[in-house]
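Have a look at the structure below, then the notes.
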Amino acid sequence: MAEKVHIKVVVNGLEHHSEVEPRLLLVHYLRETLGLTGTHVGCDTSQCGACTVHVDGQAVKSCTMFAVQADGASVTTIEGIGGVGKLHPVQEGFWEMHGLQCGFCTPGMIMAAVDLLNKNPQPSEEEIRHALEGNLCRCTGYHNIVRAVQYAADKMAGKVGAAADD
């Protein structure tokens with residue numbers, strides 16, 4: 001077993017100090033060490049996007065990053081973007097536009113969509129589809145996921161419910 005390394009990571013606004021093995025993936029650190037199980041382990045090969053989180057404001061697939069690489073970074077998981085009674089507009093969009101079925105891909109899809117909207121507040125349908133192409137869903141066919149992101153963009157722009165009226 002390799003010697004453990006000390007890391008300091010701010011996750012969802014809370015500072016954590018941990019001793020981790022250098023080979024520990026960020027997704028496993030979040031789930032097993034911190035108990036934040038909203039970030040899912042899907043393929044372990046960066047193909048599905050279920051493990052998407054934000055590191056220093058950028059969407060990353062946490063199955064392709066070691067926890068030691070997050071030392072000194074700020075990480076946001078699905079648990080950090082909204083909550084019961086105060087959903088993030090993207091979470092609300094998934095609810096209102098039926099953008100989820102089994103829910104396995106949902107945390108990664110939402111985190112990728114939030115990243116997109118942070119960079120491009122009014123994306124076209126093509127831009128939404130392109131931004132989400134690294135996240136796989138085996139249930140929905142993507143149509144309602146795209147509608148959910150459009151809803152969120154409209155809500156964030158002050159056009160509350162405009163997408164729902166289409």
Side-chain angles (χ1 to χ4, degrees), residues 11-14 24-55 57-65 67 70 74-166:
V11 180
N12 299 331
L14 299 174
L24 181 68
L25 293 173
L26 180 59
V27 68
H28 295 300
Y29 174 72
L30 295 170
R31 291 179 58 81
E32 297 163 14
T33 304
L34 300 184
L36 297 171
T37 57
T39 302
H40 293 162
V41 178
C43 63
D44 272 334
T45 61
S46 81
Q47 301 299 308
C48 75
C51 67
T52 302
V53 298
H54 296 174
V55 177
Q58 297 294 312
V60 301
K61 293 178 180 177
S62 60
C63 75
T64 63
M65 183 176 186
S74 177
V75 177
T76 304
T77 69
I78 189 71
E79 292 93 344
I81 66 160
V84 177
K86 187 165 173 39
L87 297 177
H88 185 281
V90 176
Q91 291 171 312
E92 183 180 322
F94 270 70
W95 176 267
E96 294 294 332
M97 297 292 112
H98 310 286
L100 59 107
Q101 285 184 13
C102 83
F104 192 80
C105 71
T106 304
M109 286 282 187
I110 288 173
M111 296 306 287
V114 169
D115 184 59
L116 167 65
L117 295 177
N118 286 341
K119 294 174 183 170
N120 180 357
Q122 288 293 301
S124 66
E125 179 178 339
E126 182 179 333
E127 290 168 323
I128 294 169
R129 289 183 182 278
H130 178 70
L132 298 179
E133 66 187 14
N135 294 70
L136 300 179
C137 176
R138 289 171 169 67
C139 299
T140 67
Y142 302 96
H143 178 71
N144 287 345
I145 292 171
V146 172
R147 290 181 61 216
V149 178
Q150 291 169 326
Y151 174 99
D154 287 344
K155 174 130 186 166
M156 293 167 79
K159 304 175 197 173
V160 180
D165 297 332
D166 289 347

Would you list the atom pairs, donor with acceptor, under 3.5 Å between side chains in residues 108-120 and any protein atom, with sequence neighbours excluded?
| unit_1 | atom_1 | unit_2 | atom_2 | d |
| --- | --- | --- | --- | --- |
| D115 | OD1 | A59 | N | 3.4 |
| D115 | OD2 | K119 | NZ | 3.1 |
| N118 | ND2 | V114 | O | 3.4 |
| K119 | NZ | Q58 | OE1 | 3.3 |
| N120 | OD1 | Q122 | N | 3.4 |
| N120 | ND2 | E127 | OE1 | 3.2 |

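- The shortest side-chain heavy-atom distance between L24 and T33 falls under the 4.5 Å cut-off.
- With values rounded to the nearest 0.5 angstrom, E96 atom CD is found 12.0 Å from N144 atom CG.
- Listed by first then second residue, pairs satisfying ring-ring contact (aromatic ring centres under 6.0 Å, His included) with a partner in residues 83-118 read H40-F104, not counting sequence neighbours.
- Under the 3.5 Å distance criterion, the side-chain polar atoms of S62 are left unmatched by any main-chain donor or acceptor of L26.
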Salt bridge (charged side-chain N to carboxylate O under 4.0 Å, His left out) assessment of E125 paired with R129: CA-CA 6 Å; E125 179 178 339; R129 289 183 182 278; 3.0 Å; yes
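- Pairing each heavy atom of C48 with each of C43, the nearest pair is N-SG, 3.4 Å.
- One distance of note links OG of S46 with CE of M65; it measures 14.0 Å at 0.5 Å rounding.
- The shortest heavy-atom contact between C63 and C51 is N-SG, 3.3 Å.
- At a threshold of 4.5 Å between non-hydrogen side-chain atoms, the residues N12 and T76 count as touching.
- In terms of heavy atoms, P107 sits closest to G103 at CD-O, 3.5 Å.
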Which side-chain N or O atoms in residues 78-86 pair as donor and acceptor under 3.5 Å with protein atoms at least two apart or in another chain?
| unit_1 | atom_1 | unit_2 | atom_2 | d |
| --- | --- | --- | --- | --- |
| E79 | OE1 | T77 | OG1 | 2.6 |
| E79 | OE2 | T37 | N | 3.4 |
| E79 | OE2 | G38 | N | 2.7 |

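- Heavy-atom minimum distance, I145 versus G99: CG1-O, 3.2 Å.
- Contact check for L136 versus Y142: side-chain heavy atoms found under the 4.5 Å cut-off.
- For the pair V149 and L132, the minimum side-chain heavy-atom distance is below 4.5 Å.
- Checked by atom type and distance alone, the side chain of R31 pairs as donor or acceptor with a backbone atom of T39 at under 3.5 Å.
- Not a single donor-acceptor pair under 3.5 Å links the side chain of K155 to the backbone N or O of E92.
- When all heavy atoms are compared, the tightest approach of Y29 to A67 is CB-CB, 3.8 Å.
- Atoms CD and NZ, on Q150 and K159 in that order, are 11.0 Å from each other to the nearest 0.5 Å.
- Residues P121 and A153 approach most closely at O-CB, 3.4 Å, considering heavy atoms.
- Just one residue in the list V75, V11, V53 forms a side chain to side chain contact (heavy atoms under 4.5 Å, CB included) with L36, and that residue is V11.
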